[in-house]
Amino acid sequence: MKEQSYSKRIALNFLTATAILILVIFTLTFLVVYKTVYNSLDADLEAEYQEIAHGIVILDDQLIFANTGEWSENEHAQIEVNPTFLQVSDTSGNIIRKSPNLMGTSLELLKNENNKIFFNAGLSGGQVRQVQMILTNDRNEKAGYISVAVPLEASLMVLKNLLIILLLAFPFVLPVLYFITRYLAQKSIMPVKILTESAGKIRRENLNTRISLPRQKDELYTLTETINSLLDRIEGTILLEKQFSSDASHELRTPLSVLKGTLELMIRKPHDPDYYIEKTGTCMEEVNRMSVLVDQLLLLARYENEQSPSGLTLISLDDLINNIIARHARALEQKKITLDLNITRDLTVSTNPFMAEQILENIFSNAVKYSRENGTVSIFSGNNGTLTIKDEGVGMSKEELSRIFNRFYRADQSRNSKVKGYGLGLAIAKRFADLLQIVIQAESEPLKGSSFTLVFPLFPETGNNSVPF
Ligand code: ADP
């Protein structure tokens, strides 16, 4: 199908609506004029008929014309200017009297017609409008007919001319209207064209360009604002992606450089076995670091576009926590951390076990990593089905706290400390929590410690976060 421009479509739709409207208006105009012309003619005929009827007296079935002066008036005598034709006939249709302007002709008579009747009739090759009415005697019997007529040509000419004008005007008005509407529609959508062109020029290279806002605060202004804010968001996402790629490459480059340097040292000249053992250990450490980073990157990439979690099952949170604690037993012991565990027994939630474990593992390992020696890490469940992991470690400022879920973000203190990490653990935890509809509430105070509370989603059946609780 051939594509039609928007302005053409508007013009055509408008034209169709207007054409129907004009047709209705023209038809009504014609009908009103038609009715008015005939009403006016019939009113004149009625007046004339009344005058004639009053001048006729019926005595012993004889018609006597009392007002003979009326019959010889100019309008009944001549036919050139506004003639009115009069005719009186008896019941058999014989003409008793007619106005002089009828000369050798007579008005058509509709015999057996008992009512007053208006009709169009022919007269000497022309057309007249005629009224006919019966005359009755004092016994109320039919005594004859009065007919009055006026020429119809002038009125018919008016109606004919009007019809011609309307019929000619209709097809003439339509194209004019179409072009005017198209011009106006084109003018109205010009700002949309400018907007489309400006938006079309925005590429990856000039993604920071914005479309200039129109002067008037109308729908187009809102549309431009919406497109600009969409561009803001796209630009922000692309910048984040760029930042992510550059951070990831940077993080991978560091262990790779260490590996390369160590291996170069190893092959430069022969060394004793202890040297090789020590350097191989360094290489292993770096390979392990890289492997952790690649695992975390793969994890983020795998769940990047996931919309909803799969594999929801009922799991016991205290079992999960106990497993995680067991895995960190050495670190807890090394730092002499006291564990304060206060979880409701058989705390069960419906969730994805792998993701839930990743969330808890990342938060708990941070609590251990950023705790001071001899500190306490508390894990407790709340009345409303929440789980909190609290430490008395280095803590964070408000500004740092607001960025901890960003990928590769590490607070200054963590970067400078010996604590190893890539700033990806909480980004993964947040991504999984969003998928599982778990809310993570983080609170922290520098040098005092941090607490992370997980709020599990409600179970539709019980209205509780967890079952049983
Ligand atoms: P990392 O591997 O660096 O620990 P995360 O994504 O797990 O990465 O955490 C991001 C940053 O948030 C950390 O580098 C640290 O600065 C801060 N952080 C997270 N948990 C804690 C905590 N319990 N105490 C203090 N700082 C924390």
Side-chain angles (χ1 to χ4, degrees), residues 1-26 28 169-247 300 303-308 397-409 427 430-431 433-435 437-442 455 457:
M1 210 174 83
K2 210 177 152 219
E3 250 185 58
Q4 226 175 31
S5 78
Y6 188 56
S7 56
K8 247 189 195 170
R9 267 201 336 262
I10 294 181
L12 276 177
N13 289 345
F14 181 78
L15 190 73
T16 315
T18 322
I20 296 170
L21 202 70
I22 292 179
L23 201 65
V24 171
I25 292 174
F26 278 13
L28 281 177
F170 188 65
F172 173 75
V173 164
L174 291 188
V176 174
L177 252 176
Y178 173 75
F179 286 112
I180 293 176
T181 320
R182 224 185 121 179
Y183 169 73
L184 290 177
Q186 266 170 352
K187 233 180 125 165
S188 317
I189 62 164
M190 194 50 98
V192 179
K193 271 192 179 167
I194 296 172
L195 186 80
T196 316
E197 276 170 19
S198 315
K201 282 183 198 148
I202 298 175
R203 304 255 175 283
R204 202 184 159 92
E205 305 78 53
N206 61 346
L207 201 61
N208 55 353
T209 315
R210 293 293 174 267
I211 305 165
S212 40
L213 294 167
R215 253 174 282 136
Q216 268 169 0
K217 287 204 167 185
D218 50 15
E219 289 87 348
L220 282 175
Y221 187 95
T222 320
L223 177 67
T224 315
E225 263 190 335
T226 313
I227 294 178
N228 279 345
S229 77
L230 174 72
L231 287 171
D232 284 346
R233 273 175 281 149
I234 294 176
E235 192 189 1
T237 313
I238 289 184
L239 283 180
L240 265 178
E241 293 302 323
K242 271 189 188 163
Q243 186 64 40
F244 178 68
S245 318
S246 101
D247 286 348
L300 267 180
Y303 292 95
E304 177 73 17
N305 297 321
E306 204 110 328
Q307 296 297 326
S308 56
S397 68
K398 275 207 165 54
E399 204 275 316
E400 288 171 331
L401 191 65
S402 67
R403 297 169 64 191
I404 52 171
F405 296 111
N406 295 351
R407 298 180 220 170
F408 288 111
Y409 176 75
K430 179 76 171 80
R431 178 76 197 112
D434 287 347
L435 277 174
Q437 292 172 1
I438 298 170
V439 179
I440 304 179
Q441 294 167 344
V455 184

By side chain to side chain contact (heavy atoms under 4.5 Å, CB included) - contacts of Glu219 (at least two apart)
none
Pairing residues for Tyr303 by the ring pair (Phe, Tyr, Trp, His ring centres under 6.0 Å) criterion, not counting sequence neighbours
Phe432
Determine whether Ile438 and Val455 satisfy the following criterion, side-chain contact (heavy atoms from CB on, under 4.5 Å), listing intermediate values before the conclusion.
CA-CA 6 Å; Ile438 298 170; Val455 184; 5.8 Å; no
Taking side chain to side chain contact (heavy atoms under 4.5 Å, CB included) as the test, write out the residues that go with Phe14, two or more places apart.
Thr18, Leu177, Thr181
Could you tabulate the donor-acceptor pairs under 3.5 Å formed by side-chain atoms of residues 182-194, not counting sequence neighbours?
| unit_1 | atom_1 | unit_2 | atom_2 | d |
| --- | --- | --- | --- | --- |
| Ser188 | OG | Leu184 | O | 2.6 |

Looking only at heavy atoms, which two atoms of Ala169 and Phe26 are closest? And how far apart?
CB-CE2, 4.0 Å
Could you list all the side-chain hydrogen bond (donor to acceptor under 3.5 Å, both in side chains) pairs where at least one residue sits in residues 194-207, not counting sequence neighbours?
none
Listed once per pair and sorted, the ring-ring contact (aromatic ring centres under 6.0 Å, His included) pairs that draw on residues 198-245, sequence neighbours left out
Phe244-Phe408
Holding to side chain to side chain contact (heavy atoms under 4.5 Å, CB included), I want the full list of residues that pass it with Leu195, two or more places apart in sequence or in another chain.
Ile211, Leu223, Thr224, Ile227
Are Arg407 and Glu241 packed together at the side-chain level, in the sense that at least one heavy-atom pair is separated by less than 4.5 angstrom?
yes
Spacing of Ile10 atom CD1 and Leu15 atom CG [to the nearest 0.5 Å]:
13.0 Å
Compare every heavy atom of Leu401 with every heavy atom of Ala442, then report the nearest pair and how far apart it is.
O-CD2, 3.6 Å
Gln437, CD atom: more than 12 neighbouring heavy atoms under 6.0 Å
no
Excluding sequence neighbours, so at least two apart, what forms salt bridge (charged side-chain N to carboxylate O under 4.0 Å, His left out) with Asp247?
none
Pairwise side-chain hydrogen bond (donor to acceptor under 3.5 Å, both in side chains) hits with a residue in residues 208-218, at least two apart
Arg210-Asp232, Arg210-Glu235
For Asn406, the side chain to side chain donor-acceptor pair (under 3.5 Å) test, sequence neighbours excluded, returns none
Distance (rounded to the nearest 0.5 Å) between Ile404 CD1 and Tyr409 OH:
9.0 Å
For Tyr178, give me all partners under ring pair (Phe, Tyr, Trp, His ring centres under 6.0 Å), at least two apart in sequence or on another chain.
none
Just verifying a value: how many Å separate Leu207 CG and Ile234 CD1, rounded to the nearest 0.5 Å?
7.0 Å
